[in-house]
Amino acid sequence: MKGIDSFAENKVQTRKNLFSNILNLVANVCIGLFYTPYLVHNLGIAAYGVLPLVLIVNQYIGVITSSLTSSLTRFYTINLQQGKIEEASRCISTALAVIFILFAVLIIPIGSIIAYVDRIFTIPPELLAQTRLLFVLTISGFFLSLVSSIMNITLYANNRLDHLNLIKTIRMVLKLLFVVLLFSTFSKQIIYVGHANLLTEIIVLIFSFYFFFRFTSKDIKINLRKFDKPILISMLGMTTWVMIIQLGDTGIYRIDNLIINIFWSTTESGIVGAYSELGSYIMISLSVFSSLFGPLILMAYSRNKHDEVVRMAADRSFIVGVMAAVAAGLVIGFSSQISRVWLGEEFETYHLWLILKLVLIPYYTASGVFSFIYRAWNKVKIPALISIILGSINLIAAILVAKLLSPNYTAILIILGTGSLLGITQSYILNGWYVSKIYPEMKVPVIKNFISISIVLVSISLFSYLVNLVVCFSGIINLLITGFIVSLISILGVMRFILSKEQRRYLFDLVKWRKSV
């Protein structure tokens, strides 16, 4: 009976996680539709172009620290699921101690970047002082968010994604509210975006401590003096390779913005940055489903249920990839209208840039489920080497294109297209190959899923494009209504012709409100 009760409890909690993910998705969509164009219209595209540069530096710093939290999650969850409370306590205590050490170590290099930011990036002189302070505020907020992430690991380990989603939603809503409030009260300057970030992270940290003390077992104790060297060595070994993976991922998806800023200006980098943010919003939205499976796969691995790991990874990665293909295909088909309505008429001519930023998304999100497997096994060395090699190739290719070709629209197309091609190769093809080495029975599903996801992406893109040619859009409401109708038709088609009966049954069962055993 205990096994049945545990299964039912996991099923009910997964359903709670799903609905909280959906609420988080709604918040993402609503805020995403408003936040970026609000900043562009109030700051101007040149000033807005500074923000992606801060996010890039922030993201590279985040690679170091989020790699640590990813590794900590693995070790903490396994110890917790196996009832090793003392080891779990030492894991989280050691991680927090390392965070404070990292903060001290990174102060000097971060300070150097801020001091010489105008030599690293192309910054308009009138925005230089604000840019420096923006870096200080944003990075300070980032370190607070890191402490929050460490505290929230206990929620992830207990499969309480519903509370994690509440924290994410609070972060998004407060960031928007603070920006609007500061812009309305003082003036429309980029510096207030930094103030909004910092204020938001202070409040989020308070909520994170609250959830930690409310939902974590009283047996879990934090003591920074209990610095466990063996645990540290184990975590740092995995952390190093996970960090390299994320560096490679950033090198593929974000490095184009940096190169375009250096060789072009903040205007072009601002446009690409806005499109990148739209792609990021879509990926965050798709985590409605993909994030459900991380704790479940890790828990199954901890209990040596490898058949369950394979079944979840093959099946769920396909569902996530297909849903991502529907979302990306919809935006690709309406890319010109979305650029015009969302950002302004002058951006419509750049819609091909948006398309190239979106092609990668279905494969990237589907392969995200693969990462749960090799991180659970702590076999992250090969994916790390693949990621950093292709990320380096993308960086070199982008620099060569920028130097050899005239700095024009087509050159940026080539840079973005190369990044998408390398991203698909790195994220899905090579990581899928590696996962099939861990579980040979994954080989056929990986290949079949790739073909099906590609068919869905192309089909939905063409369908949306044909509708785009027929319908005359008069505003964002018209676009949203048409997009909703097209997406509904697309989802019904995918459910009928692409997903299996078992996959449809899983999705229908997942959204049922009743508790079943």
Heavy-atom closest contact (Y374 atom, I438 atom, distance): CB-CD1, 3.9 Å

Pairwise distance CG(L430) to CD1(I424) - rounded to 0.5 angstrom: 12.0 Å

Counterpart residues, side-chain hydrogen bond (donor to acceptor under 3.5 Å, both in side chains), relative to S339 (two or more places apart): Y275

Flag side-chain contact, heavy atom, 4.5 Å: V40 against F347: yes

Minimum-distance pair of heavy atoms, taken over all atoms of S145 and R171: CB-NH2, 3.8 Å

Residue pair K437 / P440: nearest heavy atoms and the distance that separates them: O-CD, 4.4 Å

Under 3.5 Å donor-acceptor, S461 side chain and I332 backbone: no

Point-to-point distance, once rounded to the nearest 0.5 Å, from OG of S487 to CG of L492: 9.5 Å

Distance-minimising heavy-atom pair for I498 and V456: CG1-CG2, 3.9 Å

Heavy-atom side-chain proximity of T418 to I414 below 4.5 angstrom: yes

Parallel, tilted or perpendicular: ring planes of Y428 versus Y363, cut at 30 and 60 degrees: perpendicular

Side-chain donor or acceptor of S459 paired with backbone N/O of I455 under 3.5 Å: yes

Beyond-backbone contact of S317 with F370, side-chain heavy atoms, under 4.5 angstrom: yes

Sequence neighbours excluded, every pair satisfying salt bridge (charged side-chain N to carboxylate O under 4.0 Å, His left out) that has a member inside residues 357-374: D256-K357

Whether N431 side chain and S427 backbone form a donor-acceptor pair below 3.5 Å: yes

Residue pair G321 / I453: nearest heavy atoms and the distance that separates them: CA-CD1, 3.7 Å

Listed partners of K448 passing side-chain contact (heavy atoms from CB on, under 4.5 Å), at least two apart: V444

S452 side-chain N/O to N449 backbone N/O, donor-acceptor pair under 3.5 Å: no

Test side chain to side chain contact (heavy atoms under 4.5 Å, CB included) applied to L390 and N394, step by step: CA-CA 6 Å; L390 292 185; N394 186 51; over 6 Å; no

Crowding at CZ, F463 (>12 non-hydrogen neighbours, <6.0 Å): yes

Side-chain heavy atoms of I259 within contact of V401, under 4.5 Å: no

4.5 Å side-chain heavy-atom contact, V446 and Y439: no

Interatomic distance, L354 atom CG to S276 atom OG [nearest 0.5 angstrom]: 9.5 Å

Matching residue for K175 among V193, V204, N197, I170 - test: side chain to side chain contact (heavy atoms under 4.5 Å, CB included): N197

Q337 side-chain N/O to F334 backbone N/O, donor-acceptor pair under 3.5 Å: no

Of I393, I399, L400, the residue whose pairing with I396 passes side chain to side chain contact (heavy atoms under 4.5 Å, CB included): L400

Euclidean distance, L330 CG relative to I491 CD1, rounded to 0.5 Å: 9.0 Å

Partners meeting side-chain hydrogen bond (donor to acceptor under 3.5 Å, both in side chains) with N152 (sequence neighbours left out): S208

Point-to-point distance, once rounded to the nearest 0.5 Å, from CG of L176 to OH of Y38: 8.0 Å

Chi angles and distances behind the side chain to side chain contact (heavy atoms under 4.5 Å, CB included) call for T482, I485: CA-CA 5 Å; T482 305; I485 295 172; 5.8 Å; no

Rounded distance (nearest 0.5 Å) linking atom CH2 of W264 with atom CD1 of I271: 12.5 Å

Side chain S420, main chain G417, donor-acceptor under 3.5 Å: no

With sequence neighbours excluded, residues passing side-chain hydrogen bond (donor to acceptor under 3.5 Å, both in side chains) with T349: none

Side-chain heavy-atom pair I167, S148 within 4.5 angstrom cut-off: no

Minimum heavy-atom distance between Y301 and H306, given as atom pair plus value: CD1-CE1, 3.8 Å

By side-chain hydrogen bond (donor to acceptor under 3.5 Å, both in side chains) - contacts of Y350 (at least two apart): none

Side chain to side chain, L405 and T410, heavy atoms closer than 4.5 Å: no

